[in-house]
Amino acid sequence: MLLVTGGAGFIGSNVVAALNESGRGDVAVCDFLGSDGKWRNLAKRQLVDIVPPGELLDWMKGRKLDAVIHLGAISATTATDGDLVFETNFRTSMRLLDWCTAGAVPFIYASSAATYGDGTEGFDDDASVPALKKLRPMNLYGWSKHLFDLAVAERVANGDRLPPQWAGLKFFNVFGPNEYHKGSMMSVLARRFDDVKAGRAVQLFKSHREGIADGDQRRDFIYVDDVVRVVMWLLATPSVSGLFNVGTGKARSFKDLMLAAYAALGARPNIEYIDMPEQIRDSYQYFTQSEVDRLQRAGYNGGFKRLEDAVKAYVGDYLDRPDRFR
C-alpha cells in the first residue's frame with residue numbers, strides 16, 4: 001500500500017491519478033475532504049481508504065507501506081496562525097519522518113520554493129546545513145517548510161538514521177487540473193480563465209520596480225504533470241535521495257502566461273494592469289527561477305513542458321471543458 005498525505009489536494013490528487021494509471025489501486029489518502037467539493041479531485045480514483053489527519057498516526061500503527069508521499073500541508077502563503085502551521089507543516093512531518101525511518105519506508109515530501117525568500121541568496125537546492133541556514137523565507141508557510149528541510153539536513157550531516165530513500169521536492173509555481181479548491185492560492189490562469197473565455201479584461205499587477213514592465217514579474221511556472229513525473233521517477237528509483245528543485249529552470253512572465261491562454265483559445269488578448277496592494281508590495285517576489293542541475297545529475301531526464309504547450313494542454317484538456325477535473 002502507498003500513502004499520499006494531502007492526496008485530495010492539488011498536487012496530491014494528481015499523484016494519486018498517476019499511481020492509479022500505473023496500475024496501483026492500493027492507495028490510501030490522508031486529507032480533509034470538507035464540504036466545498038474537494039472530493040471531486042478524487043471522484044475518478046480507486047482508493048483503499050481516506051484517513052482524517054488527526055487519525056493518521058493511529059492508522060499507521062502496525063502497517064507496512066511501500067512508500068509515504070507526504071504532500072499534506074497548510075500551503076497558503078498568507079497563513080497567519082503560527083501554532084497551527086508549525087504543528088501541521090513541521091511537527092507532523094517530523095513524526096512521519098521518524099515513522100519511515102523506524103520502518104525503513106521510503107519518504108518523499110513536499111518542500112517549497114517559498115523557502116528561498118526574496119531570492120537574494122539564489123535558487124540553488126544545496127541541501128547542506130550551511131547553505132540552508134542562509135535562506136530567509138518571507139512568510140510563515142515558507143519558514144515551516146524551511147525548518148523541516150533543515151531538520152533533515154542536520155540528520156544527514158550527523159550521519160543519523162534516515163529512511164532508505166528520502167527526497168524533498170522544492171516545488172516552484174505549479175499549475176494544472178484539480179487546483180480549483182485553492183481559492184486565492186489558485187494559479188492566475190485558473191482564476192482568470194473564465195474572464196479570458198468571456199472576453200472580459202484580465203487584470204494583472206502593475207510593476208512597482210524600476211526597470212520591470214507591468215506584467216513582467218516572472219515565475220518558474222511548471223505544469224503539474226511534470227511535477228508528478230518527478231514523483232513517479234523517484235518511486236521507481238529508490239537509490240536516489242536528496243533535496244531537489246522541481247521547476248522548469250526558465251522564468252516566464254505573468255503576461256506570457258495569460259497570452260498563452262488567449263492563444264490556446266484563439267482569442268484576442270485583453271489585459272489591463274492594476275496597482276499592486278500596498279500591503280504586499282514590499283514582500284512581493286519579482287523573479288523566481290529554479291536551478292535544475294541537481295535533479296538532472298541524479299538521473300532525471302523527463303524534461304519539462306514549454307509554458308505555451310503546458311497552457312494549451314491545461315486549457316484544452318480541462319479548463320475549456322464541462323468537466324475540469326482529472
Side-chain angles (χ1 to χ4, degrees), residues 3-21 27-47 49-56 69-81 84-85 87-89 92-93 109-114 139-142 144-145 169 171-197 202 219 221-228 231 246 254 257-258 261 310-311 313-326:
L3 172 66
V4 182
T5 73
F10 168 36
I11 297 174
S13 63
N14 278 275
V15 168
V16 172
L19 290 169
N20 277 183
E21 289 160 7
V27 180
V29 161
C30 173
D31 212 333
F32 296 108
L33 293 182
S35 57
D36 60 355
K38 192 174 171 184
W39 66 273
R40 294 188 182 278
N41 287 346
L42 294 172
K44 302 172 185 177
R45 306 279 66 92
Q46 180 182 358
L47 304 169
D49 205 354
I50 299 178
V51 187
E55 300 175 16
L56 180 60
I69 305 165
H70 179 40
L71 307 176
I74 294 173
S75 59
T77 56
T78 53
T80 57
D81 188 333
L84 182 62
V85 169
E87 175 65 29
T88 303
N89 293 4
T92 297
S93 299
Y109 75 91
S111 180
S112 172
N139 53 57
L140 181 57
Y141 163 68
S144 68
K145 290 291 188 179
L169 303 178
F171 298 132
F172 276 68
N173 283 70
V174 188
F175 67 100
N178 294 9
E179 62 173 316
Y180 320 118
H181 64 284
K182 291 173 65 68
S184 63
M185 292 294 110
M186 275 194 294
S187 69
V188 172
L189 175 54
R191 290 204 314 272
R192 300 291 181 246
F193 179 77
D194 289 340
D195 291 331
V196 173
K197 178 77 173 176
V202 169
R219 296 286 184 274
F221 297 108
I222 180 169
Y223 196 44
V224 71
D225 280 5
D226 293 338
V227 167
V228 170
V231 174
V246 181
F254 285 98
L257 180 72
M258 298 316 302
V311 170
Y314 190 13
V315 170
D317 296 342
Y318 299 101
L319 289 177
D320 198 29
R321 292 184 175 233
D323 181 0
R324 294 181 173 183
F325 292 89
R326 179 176 181 181

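Because only heavy atoms are used, hydrogens play no part in the values below, and waters and symmetry mates are left out as well, while side chains stay in.
For the side-chain contact (heavy atoms from CB on, under 4.5 Å) test, residues two or more places apart in sequence or in another chain that qualify with D320 are F193, K197, L265, V315. Not counting sequence neighbours, N173 has no partner by the side-chain hydrogen bond (donor to acceptor under 3.5 Å, both in side chains) test. Listed by chain and residue number, R324 satisfy the salt bridge (Lys or Arg N to Asp or Glu O under 4.0 Å) test with D194 (two or more places apart in sequence, or in another chain). Considering only residues two or more places apart in sequence or on other chains, R40 meets the side-chain contact (heavy atoms from CB on, under 4.5 Å) condition with F325. Partners of D49 by side-chain hydrogen bond (donor to acceptor under 3.5 Å, both in side chains), not counting sequence neighbours, listed by chain and number: W59. Applying the side-chain contact (heavy atoms from CB on, under 4.5 Å) rule to I74 yields the partners A79, L84, V85, T88, N89; only residues at least two apart in sequence or on another chain are considered. In this structure F254 satisfies the ring-ring contact (aromatic ring centres under 6.0 Å, His included) test together with F221, sequence neighbours excluded. P52 pairs by the side-chain contact (heavy atoms from CB on, under 4.5 Å) definition with E55, not counting sequence neighbours. In this structure R192 satisfies the side-chain hydrogen bond (donor to acceptor under 3.5 Å, both in side chains) test with no other residue, sequence neighbours excluded. Partners of D195 according to the side-chain hydrogen bond (donor to acceptor under 3.5 Å, both in side chains) rule, which considers only residues two or more places apart in sequence or in another chain, are R200.
Each salt bridge (charged side-chain N to carboxylate O under 4.0 Å, His left out) pair with one or both residues in residues 6-21, not counting sequence neighbours, appears once here: E21-R326.
Taking both residues in full, the closest heavy atoms of P177 and Y223 are given as CD-OH, 3.7 Å, listed atom of the first, atom of the second, then distance. When all heavy atoms are compared, the tightest approach of L71 to A110 is CD2-CB, 3.8 Å.
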